[in-house]
Amino acid sequence: MRKITSIVSFVALAAALYLGAMSVGPVPPLGGFLNPTTGIWSVAGTAELPEEQTVTLTGFSADVEVKYDDRGVPHIFATTEADAARALGWVHARDRLFQMELIQRAVAGTLTELVGARALPLDRNARRMMMGAAADAKWNALPDTTATRAVVTAYMDGLNAYVAAMRPQDLPLEYRLLNATPRVFEPKDTYYLLMRMSQTLSYQESELRFAALEQLIGREATSALLPAEAPIQEPIEPVPGRTQAREVPTTIPAPVAPDARKVAEAKRIRDAVVQLAQQTAMPMNARDPLNADLTDLLTRGEAVVGSNNWAVSPSRSASGIAMLAGDPHLELTLPSIWYEAHLVVPGVMDVYGVSLPLSPIIPIGFNRDVAWTMTNTGNDVVDYYKEQVDDSLAPKRYMVDGAWRNVTVREEVFVDAKGNEVARDTMFSTHRGPLLQTSLGWLSQRWTARETSDEGGIFRLGMRATSSSDFYARTAEFKTPAQNMLTADRQGNIGIRSTGRYPIRPAGRGDIVQDGTLSAYDWSGDQPLMWYPQSYNPAQGYLASANQQPIDPQARNQYHGTDWPSPWRAMRINTILRANPKMTVDDMRRAHTDPKSELTPYIMAALGDAKTAAEAAGTWTADDAAAFAVLAAWDAEFTPNSTAAPLFLALGTEIAAGVWDELVLPGENRRVATPQQLILVTLMRDKLNPWWDVRATADVVEDRDAVVVDALRRAWTTTRARLGNDATAWKWSAVRMINVHHLLKLPGFGRESLAVTSGPGTLSPSETGGTHGASWRFVVELAPVIRAWGTYPGGQSGNPVSSRYADRIALWQAGELAELRVPGTAADLTPEHTTARLVFTANGGAR
Amino acid sequence: MGRLVWFLTMVIAVALGTYAFGWAAPAVLGAAWTAVRRDDAFVPLMASVAGAAGWGALLAIQAMSGPVARVADVVGAAMQVGAGPLLVLTLAFPALLAGSAAALVRSFRSERTISAA
């Protein structure tokens, strides 16, 4: 008995000690993990900011005071820009350390060192895309004496100083769950973050989709479905005298019936699209690389990142003061991509806005003189070249102008947290960029983001602009990702410029795969600044951008890309601004969550015509009438409680399915590509176009009305099956909602199923996953004493148990904004609005 | 000293030991207690309870400085075990350490006592 007791006790103790000291599978060592003094429970003690704290660090030239306001925003008062950056680095680290590590590793392709082999596909793609190498090159290209280098270095010094002095209880929860510790950050990491932004916003390619469609439906039809000129023009650069969007007379040519050889070729190209996506896709891609999901067809094909900005001059505002509003749309995560901050260096800068953790810059915000915000331009910045190589399995040379050039071959080694090798890959590149193997052969890829440029330095300069025109002078060399930079200043000026690198292609358009054997197809330079889409103080008194085609080709014809997102948001903003010559701050705020879509009237008009035709033909049924009644009674607003919006979405989806059946490869259920919604709308004006004929019904030739009525019936059936027979009980929020997941999608760390006002074509566009949306909304009034309002769906803290982790979501969800406090001095932030105070002393020594 | 005093002393020792020396302290203290209270057959059980109580006391102290319940909710969800089981695990772990160490030492001592007799 005693021996049994001994054995049982020994085994139990040994097991407890083993589990305490060693990780088992995904479970970290339980001893340190559960320890109430230093383990997970100790995170509770660091959830909130200490009311008073003094930190002594080397490097500061003078004391720096940081006051956190009642929204958790740090106001940093320093005497030099480097000191402000150093303090911001420390502050970012305290609130967002894990997020910064994750971003850096995602770009460097070293996630396996943090989370193990499961991240190998992502790491492989990041390295194959040469993301880290490009960031290194950008950083290394900065002269040693540049102020940007000094400021970024100071920022990282502050960040690393925090990490070095962390107490056990300061370690973020994510590290504990992963049984990991923070890395040492390097100044070049800021450029990793900027590469990440380029990847998120400017990595789009259309070459292969164009090629596949060309095989399937012919060149003319393809050019119409992926047009260089959007059929509805509401450009960023206003056309003088125009008071409404221009509908371009367009006929969509009938699809050419493909023969078996062309179908096979289309399939081969489609396979190459998949292969490229598998080799290059990384999280936070702006678009579904395939655009081929057969569910939710109405919104598929549209970019899920749909940013907006607009500004009004004094002549169009009730107060006689210029105003600016913006809502950059990105993947919504907890913690948020943004971190609100205010940097004050008397005589140098006084800038407030949203910073990007891992950098000392505030890319969107305002100072005392000028406000600026961005939407994505979405120009064509990725080109593919078909290369002739010497060895189809392991190329060592590629042909250019009749001579062989050496392929750059590199070994990439992936290791886990313990340094054990997880994988070893051979990767290839040419002078153009990564060399990728596909079913079409070897393709090399050129992308503007891999070219040398200094976005960090340019943002730094822009933050200190004194007027709109000064902002554009300071940001003229900005290259990637191309941004529609909107400004308003205190003198009442407004302006916009789509700033970025627009490659000059000797072959003209860049939406086809180029011949890599000829250097003549290489980019020959960049378009000059004067060609950029831009406008300054237009006569109309307002400016707006929403990722639409920036210049109407009728006004100025320059190639910037093809397949532009539908202009519904741009049209809606312009409609709102045209209708209201006296905009107020509240009008600007309300527009962010405006519930209407310019897409709706087009579909409703087609539905009305189809009903008339069906009634005349005697085929209109009682069910048709019931479904129509639901939509006819709808106020066309995509609010969470809307009962008709789910039926409208289903109707649009079914119409698209009926129209784009020719884009599905025979024998498959996935389309090669999906045109933008505005192409569908263009077809709706042409009721007898052959595209309306449904391929599956060989003995009948359908027209638009037949497809629309059939779509209504299918939509009625599917919506009732999904939401119940009682249409009055339907809710849009049951169909569309926002999911703000944690960066690692950890259960319990996110905020999911949020009902919001958003829909196809609204200023807050929605998509099935609900993972993208307005990442920051703000309005600035450029009064003598500047005033601003804003919020984002998250919170300042990255600590999931902090009250500041997701405290802004409710306000964001309601479409409200909080007034931003913009104290000129530390003393201006009164005690009742101050929640914490942090002082960095310049005495040197350890913390 | 009576059992209650010994027990309370052990609770405090576990709390202080964990704070000062880390998570393995309950095991060391459980073994040490058995060595000192060699005649008390209830020591393994009491060590086990004291281990849990010691960490429970530390959790209570943490709760005074921050939202411990929220930690349980969040981490319990992330580990897909729930807040309650995570809390139970946190208390069961030191109990297992202290109790098994105490039982092991006691079984050795008992064997030696029998051998000597």
Side-chain angles (χ1 to χ4, degrees), chain A residues 1-21 25-48 50 168-169 173-174 176-178 334 742 744-750 752 799-803 805-806, chain B residues 15 18-20 22-27 30-31 44 54-83 86-87 89-111 113-114:
Chain A
M1 180 63 189
R2 287 190 185 91
K3 277 194 174 168
I4 293 173
T5 305
S6 296
I7 292 168
V8 169
S9 304
F10 176 78
V11 169
L13 180 60
L17 290 171
Y18 182 83
L19 292 172
V27 180
L30 289 180
F33 187 73
L34 297 174
N35 186 336
T37 60
T38 57
I40 50 167
W41 305 102
S42 67
V43 172
T46 59
E48 308 305 333
Q169 57 266 42
L173 267 178
E174 292 92 339
R176 297 168 189 274
L177 290 165
L178 295 169
L334 283 173
H742 178 261
L744 294 179
K745 292 190 168 58
L746 291 172
F749 281 49
E752 287 88 13
N799 183 345
V801 304
S802 168
S803 63
Y805 179 65
Chain B
T18 301
Y19 179 78
W23 61 270
W55 278 32
L58 290 172
L59 280 181
I61 292 169
Q62 283 289 359
M64 288 189 280
S65 64
V68 162
R70 214 178 301 155
V71 174
D73 285 339
V74 167
V75 180
M79 298 183 76
Q80 299 181 323
V81 295
L86 181 68
L87 193 60
L89 180 64
T90 301
L91 299 180
F93 182 68
L96 183 63
L97 284 171
S100 60
L104 185 63
V105 171
R106 180 167 170 74
S107 69
F108 285 152
R109 290 191 61 81
S110 300
E111 280 180 15
T113 306
I114 291 167

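The basis for the numbers below is simple: all heavy atoms, side chains too, and nothing from hydrogens, waters or symmetry mates. Convention: sequence-line order gives letters A, B, ...; per-chain numbering from 1.
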Honestly, the part of A/Leu177 sitting under 4.5 Å from a heavy atom of chain B is side chain

Bottom line for A/Leu17: the part with an atom under 4.5 Å from chain B's heavy atoms is both

d(A/Ile4 CD1, B/Ser107 OG) to nearest 0.5 Å is 12.0 Å

Turns out that what part of B/Met79 lies under 4.5 Å from chain A's heavy atoms comes down to side chain

TODO: State, yes or no, whether a side-chain contact exists between A/Leu34 and B/Leu86 at a heavy-atom distance under 4.5 Å.
DONE: yes

The interface call for A/Ala15 against chain B, heavy-atom contacts under 4.5 Å, is neither

In terms of heavy-atom pairs under 4.5 Å with chain A, the winner among B/Leu96, B/Leu97, B/Val71, B/Leu58 is B/Val71

Given A/Leu13, A/Asn799, A/Val8, A/Leu746, the one with more heavy-atom pairs under 4.5 angstrom with chain B than any other is A/Leu13

Chain B shares the most heavy-atom pairs under 4.5 Å, among A/Gly32, A/Gly31, A/Gly748, A/Pro800, with A/Gly31

Given B/Val74, B/Asp73, B/Thr18, B/Leu59, the one with more heavy-atom pairs under 4.5 angstrom with chain A than any other is B/Val74

Rounded to the nearest 0.5 angstrom, the CZ-CG distance for B/Phe93 and A/Leu19 is 7.0 Å

Closest non-hydrogen atoms of A/Ala44 and B/Pro67, given as atom of the first, atom of the second and distance, are O-CD, 3.4 Å

Given A/Gly20, A/Ala47, A/Ser802, A/Ser42, the one with more heavy-atom pairs under 4.5 angstrom with chain B than any other is A/Gly20

Given A/Phe33, A/Phe749, A/Trp41, the one with more heavy-atom pairs under 4.5 angstrom with chain B than any other is A/Trp41

Between the CH2 atom in B/Trp23 and the OG1 atom in A/Thr37, the distance rounded to the nearest 0.5 Å is 13.0 Å

The interface call for B/Tyr19 against chain A, heavy-atom contacts under 4.5 Å, is both

In terms of heavy-atom pairs under 4.5 Å with chain A, the winner among B/Ser100, B/Gly66, B/Ala102 is B/Ser100

On a heavy-atom basis, the closest approach of A/Pro747 and B/Gln80 is CG-NE2, 3.7 Å

Whatever's closer than 4.5 Å to a heavy atom in chain A on B/Ala72 counts as both

